[in-house]
Amino acid sequence: MADSRILVNLQRCTGCWTCSLACKVGNDLDDKVFWQTVRTLGSGEGIDRPAGTWPDLHMSWMPVWSESCTKCPSRIKEGSLPYCVYNCPNAALTFGEEVDGEVERLRSEGFRVFELPAWEKSKDGIVYTSK
Ligand code: SF4
Ligand code: SF4
């Protein structure tokens, strides 16, 4: 079976939501339906609130794929990347056979590699890297 993993480099993600919207438009999803969303990791007190105290503020993001994600089989069949991966403007997402090499490269630079726990019920084959 073809490799359909998606690698997310959290160090490159700027929380722009382009991946989520590209999925929505590409797959013609209803207004309230998202197969992939982007979490803000900030102070925990509300969406898009930074952690820390001024001027040492920081915020990061984590794209999350739901079980509804199909991994875009029609795109793969035509030799294209999934909408979310193809449209990320920051090259934060890597797909398929490219994943192993990118994981190796990032590990050598001190990145850790992990997946979400099962209780998150997210899509299989989503791998994260972060420092
Ligand atoms: S993964 Fe890419 S497209 Fe998605 S929020 Fe992060 S930077 Fe934006
Ligand atoms: S792989 Fe395809 S279906 Fe899954 S989130 Fe990305 S664009 Fe949507």
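Note: hydrogens, waters and symmetry copies are ignored here, and every other heavy atom, side chains too, is used. Order of listing sets the numbers, starting from 1, for every ligand and every atom in it. None of the values given here were measured: they were computed from a predicted structure.
Under 4.0 Å is where a charged nitrogen must lie from a carboxylate oxygen, and between Lys32 and Asp30 no such pair does.
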Problem - Test side-chain contact (heavy atoms from CB on, under 4.5 Å) applied to Tyr128 and Met62, step by step - result: CA-CA 9 Å; Tyr128 295 88; Met62 173 178 265; 3.8 Å; yes
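A donor-acceptor pair shorter than 3.5 Å cannot be found between the side chains of Asn87 and Thr18. Between the side chains of Glu102 and Thr94, not a single donor N or O lies within less than 3.5 Å of an accepting N or O.
No side-chain donor-acceptor contact under 3.5 Å links Lys24 to the backbone of Cys19.
For ligand 1, the atoms closer than 4.0 angstrom to any heavy atom of Pro89 are 3 (S). Against a heavy-atom cut-off of under 4.0 Å, Pro82 is close to the following atoms of ligand 2: 1 (S). Close contacts of ligand 2 with Tyr83, meaning ligand atoms under 4.0 Å from a residue heavy atom, involve 7 (S). Listed by number with element, the atoms of ligand 2 under 4.0 angstrom from any heavy atom of Trp65 are 5 (S), 6 (Fe).
Only the side chain of Asn27 comes within contact range of ligand 2, with a heavy atom under 4.0 Å; no backbone atom does. Proximity of Gln36 to ligand 2, defined as any heavy-atom pair under 4.0 Å, is confined to the side chain (atoms from C-beta onward).
Heavy-atom contacts from other residues, nucleotides or ligands closer than 6.0 Å to CD of Glu78 number more than 12. Other residues, nucleotides and ligands place more than 12 heavy atoms under 6.0 Å from the CD atom of Gln11. Within a 6.0 Å radius of OH in Tyr86, other residues, nucleotides and ligands contribute 12 heavy atoms or fewer.
The nearest N, O or S atom of Cys69 is not closer to atom 8 (Fe) of ligand 2 than 2.8 Å.
Shown here for Gly15 and Val38, the closest heavy-atom pair between the two residues is CA-CG1, 4.0 Å.
Residue, atom and distance of the protein heavy atom nearest to atom 2 (Fe) of ligand 2 are Cys72 SG, 2.2 Å. Of the protein's heavy atoms, Cys23 SG, 2.3 Å lies nearest to atom 8 (Fe) of ligand 2.
For the salt bridge (charged side-chain N to carboxylate O under 4.0 Å, His left out) condition, the pairs that include at least one residue of residues 120-131, sequence neighbours left out, are Arg39-Glu120.
Each protein N, O or S atom less than 2.8 Å from atom 4 (Fe) of ligand 1 was counted, giving 1.
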